[in-house]
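Every heavy atom of this structure was used, including side-chain atoms; hydrogens, water molecules and symmetry mates were not. This one's a predicted model, so the numbers in the text were calculated from it and none came from an experiment.
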Amino acid sequence: MVIYYDPQCEGYATPGHPEAPCRTKRTAAYLKEALPGLDWRRPQPAGAEAARLAHTAEHWERLAEPADFDGDTAYHPGIRGHAARATGAALGAVATALEGRRAFSLMRPPGHHATANQAMGFCYLSHVAIAALDALRNHQLERVAVWDIDAHHGNGTEAILDGVDGALFCSVHQYPGYPGTGTQSRRNLHNWTVAPGAHHTKHLEALEASFARVLAFRPQLVIVSAGFDAYIDDPITHLSLRVPDFATCGKWLAEADLPVASVLEGGYSRDLPELVGAYLRPML
């Protein structure tokens with residue numbers, strides 16, 4: 001198992017914001033102690049050419065302008081570089097998966113809310129969408145599946161992959177909830193909604209159905225938007241998954257025996273390190 005991680009991703013913060021440097025810092029420290037056999041690598045930053053697989057040129061330039069994007073998504077000095085390193089980690093994870101080793105990108109900021117021309121929801125570049133398009137175009141794959149298990153709908157990933165030949169998007173998420181999308185399925189886009197407060201077994205049933213859809217697609221690669229904010233003690237959502245439920249997701253991926261690249265999205269509880277560890281252990 002290869003972990004893509006760069007401590008530079010902890011070099012920006014908004015006081016009181018849930019998407020904080022401790023998310024990756026504490027998780028890296030925990031994984032190094034709990035899973036000592038992991039292969040740690042620093043990602044190479046993605047550039048404008050990679051970003052343009054999913055984003056407009058204007059969006060790339062906007063990321064360098066010193067103005068906030070919305071009330072949740074602030075401008076920080078160097079934020080384009082931080083986002084580019086996280087995208088580079090997703091690209092590295094895909095390349096590693098296609099070489100026969102599973103990989104996890106432990107980077108911030110997250111990405112699945114960023115659309116082609118808009119940063120939003122703590123996200124600046126759509127790492128998973130870029131990685132999926134790169135796999136289809138530059139690795140010449142024919143079928144790439146994105147499995148989004150974050151508590152929030154990956155509206156950016158969905159919009160970018162809408163109608164893309166060879167791409168499948170499957171998302172399980174809280175609804176009602178931010179960003180208010182993901183209630184319909186069409187073409188290559190499939191959504192499962194979970195009501196706030198639903199029992200964790202109901203959520204697991206939706207996850208199992210979504211993963212069955214991923215397997216039915218017969219993908220040559222699975223990219224996981226690995227969000228951990230569906231956890232029962234997450235401070236910004238109202239779902240009820242437990243630690244063993246994330247281990248179950250990892251077990252399904254391991255048993256599928258497919259190339260798997262996972263990319264950290266949300267997850268804001270103090271238990272995030274343990275949740276990531278539970279998810280990764282079955283895939284080791």
Side-chain angles (χ1 to χ4, degrees), residues 1-9 19 23-24 27-28 38-55 59-60 63 79-99 101-116 119 121-139 141 144-150 154-161 164 166-171 219-228 253 258-267 276 279-280 283:
M1 171 75 72
V2 176
I3 307 294
Y4 283 89
Y5 169 69
D6 187 338
Q8 287 188 80
C9 74
E19 208 291 283
R23 298 179 65 233
T24 52
T27 302
L38 297 173
D39 180 356
W40 292 81
R41 299 182 188 177
R42 287 202 179 195
Q44 293 296 315
E49 183 177 356
R52 282 198 295 270
L53 289 170
H55 298 280
H59 178 71
W60 176 258
L63 293 180
I79 192 61
R80 186 170 72 180
H82 291 299
R85 279 187 289 274
T87 295
L91 293 170
V94 161
T96 296
L98 294 176
E99 291 168 0
R101 300 182 68 186
R102 296 188 176 101
F104 184 82
S105 169
L106 179 61
M107 296 287 288
R108 56 188 291 268
H112 71 154
H113 294 309
T115 66
F122 316 164
C123 303
Y124 302 85
L125 290 174
S126 187
H127 319 305
V128 165
I130 292 169
L133 294 170
D134 178 73
L136 290 167
R137 298 178 187 181
N138 297 326
H139 292 280
L141 300 188
V144 174
V146 171
W147 190 36
D148 192 327
I149 62 173
D150 191 273
N155 60 300
T157 310
E158 180 183 77
I160 292 165
L161 297 183
V164 173
L168 177 76
F169 173 79
C170 292
S171 175
Q220 297 162 292
L221 168 71
V222 179
I223 309 177
V224 185
S225 269
F228 297 87
L253 289 161
L258 291 165
V260 174
S262 302
V263 178
L264 179 66
E265 298 283 6
V276 174
Y279 171 77
L280 293 181
M283 290 188 278

Where [X] and [Y] come nearest, the two heavy atoms and their spacing:
| X | Y | answer |
| --- | --- | --- |
| Asp150 | Gly266 | OD2-N, 2.9 Å |
| Arg42 | Pro7 | NH2-CD, 3.6 Å |
| Ala46 | Leu91 | CB-CD1, 4.1 Å |
| Arg41 | Asp39 | NH2-OD2, 3.2 Å |
| Ala114 | Ile160 | O-CD1, 3.8 Å |
| Ser262 | Met283 | OG-CE, 4.5 Å |

Can you tell me how far apart OG1 (Thr27) and CG (Leu280) are? Round to the nearest 0.5 Å.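 Those atoms lie 10.0 Å apart.
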
If you round to the nearest 0.5 Å, how far is OG1 of Thr96 from OH of Tyr4?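 One gets 2.5 Å once the value is rounded to the nearest 0.5 Å.
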
When you compare the side chain of [Y] with that of [X], does any pair of heavy atoms fall below 4.5 Å?
| X | Y | answer |
| --- | --- | --- |
| Phe104 | Leu38 | no |
| Phe169 | Val164 | no |
| His139 | Val144 | no |
| Leu264 | Tyr5 | no |
| Glu158 | Ser171 | no |

Of all pairs that satisfy salt bridge (Lys or Arg N to Asp or Glu O under 4.0 Å), the ones with a partner from residues 102-113, not counting sequence neighbours: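 Passing the test, one end in residues 102-113: Glu19-Arg108.
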
For residues 121-134, dump all side-chain donor-acceptor pairs below 3.5 Å to protein atoms at least two apart in sequence or in another chain.
from	atom 1	to	atom 2	distance (Å)
Tyr124	OH	Ala74	O	2.5
His127	ND1	Thr87	N	3.3
His127	ND1	Thr87	OG1	2.7
His127	ND1	Leu125	O	3.4
His127	NE2	Pro109	O	2.9
His127	NE2	Pro110	O	3.3
Asp134	OD1	Asn138	ND2	2.6

Checking His112 side chain against Gly156 main chain: does a donor-acceptor pair fall under 3.5 Å?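 Absent.
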
For the pair Arg80 (side chain) and Trp60 (backbone), establish whether a donor and an acceptor sit closer than 3.5 Å, ignoring hydrogens and angles.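 Yes; at least one donor-acceptor contact below 3.5 Å.
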
